[in-house]
Structure formats: C-alpha cells, structure tokens
Amino acid sequence: MDLKNYIRDISDFPKKGVVFKDITPLLKDPIALKFATEALLHSLENRRIDKVVGIESRGFFFAPMLASGLKAGFVPVRKAGKLPSKTLEEVYSLEYGTDTVEIHSDSIVKGENVLIHDDVLATGGTAKAVCNLVEKMGGKIIQCNFLIELDFLKGREKLKKYAVKSLMHY
Ligand code: AMP
C-alpha cells in the first residue's frame, strides 16, 4: 500500500512558503490508518517499550494507539503552560525565536525504554528537544518514529544519536 496516496499537500499553510503535509486523508481511511499503525509498530522489531511519548499535537493521533499495541503507557509532550502538574521544560530554537516543550516530571521513570513519536520530522528541533527532556528524566530512547520525514530539511542529523524510522520520505 502506498501511504503517500493519503497525504495531501497544502501550499502556504500555516504561513506563506510552507507546504503543509496534511495527514487527515490517511486518518479518515480505515485501511490506510490500520496499515500505517501496523507499519509503525512493525518498525520496533519487538523491542520492549515502557512509554510512548507523543508530541503535541499531531503526534497524539498515533502515539496512544502505538502505546496500546506495545502494551506501553502514553506520555504527552505539550507546548508551554498546557500540562497541569509539575513539569520539566526544554527551550529550543526556531527559524525566528524560540519555543518551549514540557513533560510531566513524574511521567517517565529512570531506566524506562521510550519510543518517541510525531507525525512529521522537519528540521528536527522539536524532536531533539523532546529527546533532551526524556534523557533528563533518565529514559532510554529506543527509537524516534515518524509518519513523514522531510529529508531536505535534514532533521535526522539532529537525531544522529538515535534510531530514526519514518514511513514516508519527501
Ligand atoms: P521541526 O521541529 O522543524 O522538526 O518540526 C516538527 C513539527 O512541526 C512537527 O510537530 C510537525 O507536526 C510540524 N511540521 C513541520 N513542518 C511540517 C510540514 N511541512 N507539514 C506538516 N507538519 C509540519
């Protein structure tokens, strides 16, 4: 099955010059949704995972399903100010300015095996910040997985230390 048939390009969204990879056609198709979920699970090759960390917001579509399939727990990483309890935060650079991601400080226990998931790997800044948070908590990053990788933005170079698997490349 060619999952690229279920990805829609939206030009100039959310701002001029960006070609946004819209995954909602994939999400609404029952066969493509199941196929993508199983392919992401398969990429783990039976590694034991304790926690799946999903990145706000489109990482939340698949991460809980992956966690359920792996008999692991799901942990959300959110933008600043959204998580209600005590958090750890990581600030990272954007093209202009900075952004902050947060995780609940009690969500990962030292030594746990962690899978990180997001829908798109672009420049890798977000995923790297999330990796830093997980490592600060003593989590062991087993893999970072993505539905889509924008190869030309070289996000993988920021994640050199980790196993990175993506279902689709552009
Ligand atoms: P980055 O930190 O540059 O790797 O950006 C990753 C985050 O931005 C992910 O959470 C993606 O959901 C989102 N993102 C970046 N570029 C795109 C794109 N072209 N289409 C859809 N989402 C994108």
Side-chain angles (χ1 to χ4, degrees), residues 2-29 32-33 35-37 39-41 43 49 51-67 74-83 87-104 107-108 114-137 139 141-170:
D2 188 355
L3 288 176
K4 284 189 174 178
N5 292 332
Y6 300 87
I7 304 300
R8 177 165 61 184
D9 279 359
I10 311 281
S11 296
D12 299 322
F13 182 89
K15 56 182 183 185
K16 212 166 172 41
V18 174
V19 179
F20 186 84
K21 295 290 181 200
D22 177 18
I23 64 168
T24 61
L26 188 158
L27 293 172
K28 77 173 180 187
D29 185 278
L33 179 64
F35 185 90
T37 308
L40 289 169
L41 286 171
S43 78
I49 300 292
K51 296 281 166 58
V52 179
V53 172
I55 305 177
E56 181 172 357
S57 54
R58 286 182 304 279
F60 294 174
F61 295 140
F62 281 91
M65 289 198 282
L66 299 178
F74 162 67
V75 172
V77 163
R78 301 207 61 183
K79 301 279 162 60
K82 304 268 190 181
L83 287 170
T87 58
L88 282 177
E89 64 168 43
E90 181 84 12
V91 179
Y92 62 100
S93 318
L94 301 170
E95 197 180 350
Y96 302 104
T98 60
D99 215 340
T100 304
V101 280
E102 292 184 342
I103 193 166
H104 271 149
S107 57
I108 290 167
V114 175
L115 167 69
I116 290 169
H117 171 78
D118 202 359
D119 64 333
V120 175
L121 174 62
T123 66
T126 313
K128 181 67 174 67
V130 174
C131 289
N132 292 347
L133 279 177
V134 169
E135 289 190 329
K136 272 188 204 164
M137 301 170 86
I141 296 167
I142 301 300
Q143 188 171 299
C144 301
N145 83 19
F146 304 91
L147 282 171
I148 295 171
E149 181 170 343
L150 303 178
D151 294 347
F152 54 95
L153 292 175
K154 301 188 167 48
R156 191 173 274 264
E157 288 181 7
K158 286 206 184 78
L159 304 176
K160 264 195 203 120
K161 270 169 66 182
Y162 311 108
V164 175
K165 299 226 169 120
S166 308
L167 295 186
M168 289 167 266
H169 291 264
Y170 289 88

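Whatever order the structure lists them in is the order used to number ligands and atoms, beginning at 1.
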Practice prompt. Please name all residues satisfying ring-ring contact (aromatic ring centres under 6.0 Å, His included) with F20, sequence neighbours left out, ordered by chain then number.
Written response: F13
Practice prompt. Tell me the residues surrounding ligand 1, counting only those with a heavy atom closer than 4.0 angstrom, sorted by chain and number.
Written response: V19, F20, K21, R58, D118, D119, V120, A122, T123, G124, G125, T126, L150
Discussion item. For the NZ atom on K82, are there more than 12 heavy atoms of other groups (residues, nucleotides or ligands in this structure) within a distance under 6.0 Å?
Written reply: no
Worksheet, complete the sentence: Shortest non-hydrogen pair, R156 vs L121, comes out as N-CD2, 4.0 Å
Worksheet item: Under 6.0 Å from the six-membered ring centre of Y92 and within 45° of its axis: does the NZ or CZ of K128 meet both?
Response: no
Discussion item. Quick check: do L40 and L147 have side-chain heavy atoms less than 4.5 Å from each other?
Written reply: yes
Worksheet item: Under 3.5 Å, side chain of K51 to main-chain N/O of A67, donor-acceptor pair present?
Response: no
